[in-house]
Amino acid sequence: MSDNEQILSSEKPIAVNIEEEMRRSYIDYAMSVIIGRALPDVRDGLKPVHRRVLYGMFESGNTAGRAYKKSARIVGDVMGKYHPHGDSAIYDTVVRMAQQFSMRKILVDGQGNFGSIDGDSPAAMRYTEVRLTRLAEEMLREDIDKETVDWVPTYDGSLMEPTVLPSRVPALLINGTSGIAVGMATNIPPHNLGEVVDALLLTLADPEVPLLDLMEVMPGPDFPTAGFIHGFDGIRSAYETGRGTIQMRARARIEEMKGGGDRQQIIVTELPYQVNKARLVERIAALVKEKKIEGISDLRDESDRDGIRVVVDLKRGEVAEVILNKLYKMTQMQSSFGIILLAIVDNRPKVMQLKELLFHFLNHRRSVVIRRTRYDLRKAEERAHILEGLLKALDHLDEVIATIRASQTPKEAKANLVERFSFSEVQAQAILDMRLQKLTGLEREKIVEEFAELMSLIESLRAIMGSDELVAGEIRRELGQLKESYADERRTEIIPSTNDITIEDMIADEPMVITVTRSGYVKRSPLSLYRAQHRGGKGRMGMSTRDEDVVEHLYVATAHSYILVFTESGRVHWIKVHQIPELGPAARGKAIVNLLDLSPDERVATTVAVRDFPDDHFLLFASEKGTIKKTSLSAFSRPMARGIIAIKVVEGDRLLAVRRLEPGHDVLLATAKGYAIRFSESDARAMGRVTQGVRGIRLREGDRVVAMAVLDTDDPILTVSERGYGKRTAVAEYRTQSRGGLGIINLKLSERTGAVIGVRQVAEEDGAMLITQDGKIILINVADVSVIGRATQGVRVMKLGGNDRLVALAKVEVQDEDENNEGGESDEDEGNSTGATEPLNAESLREDDTEPDDTEPDDTEPDGTASSEDPEESHETQPEEE
C-alpha cells in the first residue's frame, strides 16, 4: 500500500449536516448565476458575457473604422481568454448586439445574416463578420487603460479582465436587458439615448429632482420596433417602484383599397417590442379560419428591406376600426411589457427606482472621472519631473557632458549625475537616454513649451481633483458630447389613454325599431326606413314571418341603449341594441336564443331601453292578471349572462309590460275589453326583485291587461284596437283612482274594432308605429288621429286585409317626410316585401270611419248597461303576498 493510500485510509470521515451543506451549495450556485451570468451591473449595464465580448473585440483591435473580422474568430478569442462557456452562448450574444430590432443602439456592427424579426435564425458564425460600433467604443476607449476600473484574473489566471467597463454610455437604460436568475428576474426596456442623457443632466443638476420633472424629459421607453405605448400609469409605477406593466400596440393605418370601391384595408407598419412578425401573421390567419374574426378577405406580408408592411384586406361594408380593435385584443398586435428594474449593485441584486439607476450611473462616471484624473495627474507630474531635469541639464550642458564622459559605465554616469547635480534617478536616466538632437536650440524650445503645458495641465487636474463641481462639469461635458454624436428621434409614440375602439363607438346612436315574433325571432332596423304616413294607409312590410309565426312585440330604442329583456316568467336579460342583428324590413330576424341565455320554456314578454341605472328611478311591472310591482332601476345594473329574477310570477299568470317610472307620475293600465284604471305610482311601494307585487286592477271575467302607460305629461292617450282602429283621448278624462279598482271605459268595443292591443301617451308631434301579425309596419303621425271621448270606437288608423290583426303599438318621435302627401295607401301589394320606402297614399275613409260615435255615456258598458263600478270597488284592495 502506498503512503498516500495509508494517509487516506487513516483519516476519519468528517460529519457534515446535509441540510446545511445543501443550503450553502445552493446559495453558492445561486449567487454564481446571479452575479456571474444572468443579471447586469448597474454601472455599465452589461452582463459578464456582453462585457467580455466587447472587451475582447476592443483588445483585439476589432474596432469601428477597421476591417470586419469573422465572428468565429471573435467567439474563439472570447471563449479561450475570458468566457469559459459554450460558443453558442457567446455567438448568441454577438448576434443580439448586432440586431437592429433587438437593440435600441446596436453595439456590434454586423455584416451578414443576423436573423430577422420573423424569428429566422442567424447564419453560422463562420459566415458572418463583425466589428465594434463607435458607440460601443465610447464604453471603453482610452479610459479602460487609465486605471479607472478594477481588474481581476481571468478564469485560468493567465490574463486580466475588467470587472466593469468605464462606460460613458448609460447602456442599462438605452438598450435595456432581460434575464432570469435564481429566484429573481430583470426586464428593463430600452430608452431613447437623448432622453436618458437629459434625465442624467437634470439629476446631476438637482439630485432632488421630482419624478414628474424627469418624466417630462424622459417620458418612457423607446423601443427599436417603434409602435405605441398606451397610458402613463404603468411607466410611472415602474419609475417610482421599480415594477410596472405597460401596454404596447402595433402601429396600423386604414386605407381605401385601390379599385376596391368602398372596401378598406388595414396596413401594419410597426410592431410591439419582441413580437415575432411571422407568428403574428399566422395567428391572424388562424383567427380568420376559426371565424373568431370575421370580415377579412385576404392577409399578406409585404415587408421588405424598407420596413414592415402587413396588409389585411377587408370585405365590403366592414368597419375597419372594429376589426382593427379585434386584432389588438386577440393577437400580439397589443401586448404587455412587465418592467422590473433589477440590477447588480455592489455585488447584490436590487430592484431600483429610476432615480436610483440614474444616481448609480452618475456615481460610476464620477468614480471613473476621478480615477482617470488621478492617473492623468500622476503621469503629468512624472513627465514634468523628467522635463524639469532635462531643462536643468541643458542649463549645465558642458558640465553634464563632462561628467558623463568621465564615467566608465552608464551606471557610474547615472550615480555621478545624481551626486553632482542632485538629479533624481529618473531624471538622470532620462538625461542618459536623451538623444543628441535634443541639444539643438529648437528642441530646447519644444521642451520648454511642453513643460509649460504640463504645468498648466497639472494645475487644472489638481483643480478637478479638489472640486466636486468640476468633476460634475466633466461628466456634463461628456454626456453632452454623447448626445450630440449619437442621439436620434424617439420612435415609440406614447399616448395617454388605452381606450379601445368598440363596435359601439363605430355605430351611430340612432333610433332603431326592434321587432320580436311569437316564436322568438328578433331584429332591428333603422327607424329612418319607415317614413311617416297618414292614418288609413296599408303600411309596408316590416318583417317576413312564417305561416305559423306572428309578430308580437315592437319597440323603439337608440342603438347604444341597454335593452332589458323581460320574459313572461319574470326573468330579465341584458343586451345592447347594436348587438341585435340589423336586417332589412322584410327579413325575419335571428333567433333570440342565439343572443341570450334563455331556457327552452322562456318567452320574451317585453323590453325596456335604458342608458343608465339611477337609484331614484324605478321599473313598474304589470302582469296579464292585473298585478303590479315597483322596483328600483339600480337593482338591474349588474348584468349576468344567465339573467336574474325580476318579478315573482304566480302560476297561470305572465309578465306583460315593464315601464320606466319616476316619482310623482301616474300609471294607466288598459285591458283587452276596453277598460282602464289610472292611479298614482305612490300607491305601489318599492319592492325587491324577488317579490310578487300587489293588485293594480280588478279584472272582469274573461278580461286581461294588454297595456300599461306611465303618464308623465298632459298629452292625450292613444288607444289602438286589433282591427286597425284608434283614437286619442284627453288624459284628464281618466280620473285618478286607487289601485285595485275595476276601472272605467277606455274604448267602445265592437266586432269592427276588435279588442284593445295597445295604449300610449303621445304628444302632438309624436309618431305611432303599428305592426300586424303578418309583419306589416306603418308609421303614422298621431296628429292625424282625432282626439275624442273615452267611450267611442275611434277612427281607422291602418287598413288591414283578410284575417290580419294589429299586435303591437310603439311611440316614436318622427316628422312627416312628405308634407304634401295627402294619403297613406301603398302602391305595393299586401304581400310585397321588396322593402320600398316611398310614402304611401291614404285610402279615402268611409263615412262611418270619419264620424266617431261619442254619444255613449263615459261609464257604460259596451252594451249600454250601467257600469258595475262603485265607490267601494274603486278603493285600494289588500296587497297580495310579497
Side-chain angles (χ1 to χ4, degrees), residues 30 32-54 83 85-86 88-108 114-117 119 121-122 136 139 165 167 169-193 196 220-227 229 234-235 237-239 241-248 271-277 279 332 335-345 348-354 356-357 360-361 491-492:
S32 173
V33 173
I34 292 170
I35 304 299
R37 303 177 75 173
L39 301 181
D41 193 291
V42 71
R43 295 169 291 179
D44 61 5
L46 300 175
K47 300 177 185 178
V49 63
H50 296 85
R51 186 179 303 115
R52 288 164 177 168
V53 166
L54 294 178
H83 198 67
H85 299 282
S88 61
I90 301 173
Y91 185 53
D92 288 345
T93 300
V94 173
V95 166
R96 178 172 174 78
M97 289 194 292
Q99 290 177 335
Q100 298 277 1
F101 53 87
S102 294
M103 307 289 282
R104 185 61 181 84
K105 288 290 186 179
I106 59 171
L107 302 178
V108 171
F114 285 87
S116 72
I117 198 171
S121 300
M139 303 180 70
L165 298 185
S167 176
V169 182
L172 185 64
L173 287 172
I174 291 174
N175 281 325
T177 188
S178 62
I180 301 175
V182 179
M184 61 189 68
T186 184
N187 203 28
I188 302 176
H191 293 77
N192 182 272
L193 186 148
V196 174
D222 186 22
F223 298 108
T225 54
I229 296 175
I235 300 174
S237 174
Y239 288 172
T241 67
R243 296 179 183 271
T245 301
I246 59 176
Q247 293 293 330
M248 305 178 294
L271 296 178
Y273 186 49
Q274 295 177 331
V275 168
N276 186 305
K277 176 165 63 67
R279 292 180 182 173
Q332 283 193 303
S335 58
S336 300
F337 188 98
I339 300 176
I340 307 175
L341 303 182
L342 183 144
I344 300 298
V345 180
R348 296 174 65 90
K350 183 181 180 182
V351 176
M352 290 165 283
Q353 302 174 350
L354 173 63
E356 289 184 86
L357 292 179
H360 283 300
F361 178 77
R491 298 181 187 176
T492 301

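As the structure is a prediction and not an experimental result, all values here were calculated from the model. The basis for the numbers below is simple: all heavy atoms, side chains too, and nothing from hydrogens, waters or symmetry mates.
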Check your understanding: Are any of the side-chain heavy atoms of R51 and D41 separated by less than 4.5 Å?
Key -> yes
**Study point:** Main-chain N/O of L271 paired with T225 side-chain donor or acceptor, under 3.5 Å
**Key:** yes
**Study point:** For L354 against L341, the heavy-atom pair lying closest together
**Key:** N-CD1, 4.2 Å
Point to revise | Side-chain heavy atoms of M97 within contact of L54, under 4.5 Å | key: yes
Check your understanding: Which value, rounded to the nearest 0.5 Å, describes the distance between S116 atom OG and N276 atom CG?
Key -> 7.5 Å
Exercise for review: State, to 0.1 Å, how close P189 and F337 come at their nearest heavy-atom pair, and which atoms those are.
Suggested key: CB-CE2, 3.6 Å
Practice item. Looking only at non-hydrogen atoms, find the nearest pair between S167 and V169 and report the distance. Key: OG-O, 2.7 Å
Check your understanding: If you round to the nearest 0.5 Å, how far is CD1 of I344 from CG of D44?
Key -> 11.5 Å
Review point. Hey, are the side chains of T492 and P221 touching, using non-hydrogen atoms and a 4.5 Å cut-off?
Key: no
Check your understanding: Hey, what's the ring geometry for Y273 with F223, parallel, tilted or perpendicular (30° and 60° as the breaks)?
Key -> parallel
Study note, to complete from the structure: Smallest heavy-atom separation, G115 atom then Q99 atom, equals CA-NE2, 4.4 Å
Study note, to complete from the structure: Rounded to the nearest 0.5 Å, the CD1 atom of I235 sits from the CD atom of Q247 at a distance of 11.0 Å
Review point. Can you tell me if T93 uses its side chain to pair, donor with acceptor, with the backbone of A89 under 3.5 Å?
Key: yes
**Study point:** L107 and M139, any side-chain heavy atoms less than 4.5 Å apart
**Key:** yes
Review point. Which pair of heavy atoms, one from Y239 and one from G220, lies closest together, and at what distance?
Key: OH-CA, 3.3 Å
Study note, to complete from the structure: In this structure, CD1 of I340 is separated from OG1 of T245 (nearest 0.5 Å) by 8.5 Å
Exercise for review: With rounding to the nearest 0.5 Å, note down the distance linking CE in M352 to CG in L172.
Suggested key: 7.0 Å
Revision key, fill the gap. Contacts of K47 meeting salt bridge (charged side-chain N to carboxylate O under 4.0 Å, His left out) (sequence neighbours excluded), chain-then-number -> none
Review point. Is the closest side-chain heavy-atom distance between L357 and V42 below 4.5 Å?
Key: yes
Review point. Atom CD of Q332 and atom CD of Q274: how far apart are they, to the nearest 0.5 Å?
Key: 10.0 Å
Review point. Is the closest side-chain heavy-atom distance between I174 and H191 below 4.5 Å?
Key: no
**Study point:** Note, H85 side chain near I90 side chain (heavy atom, < 4.5 Å)
**Key:** no
Check your understanding: Quick one: are R104 and L193 in side-chain contact, heavy atoms under 4.5 Å?
Key -> no
Study note, to complete from the structure: When every non-hydrogen atom of P224 is compared with those of Q100, the smallest separation belongs to CB-O, 3.4 Å
Point to revise | Set of side chain to side chain contact (heavy atoms under 4.5 Å, CB included) partners for T186, sequence neighbours left out | key: L39, P40, T177, I188, L342
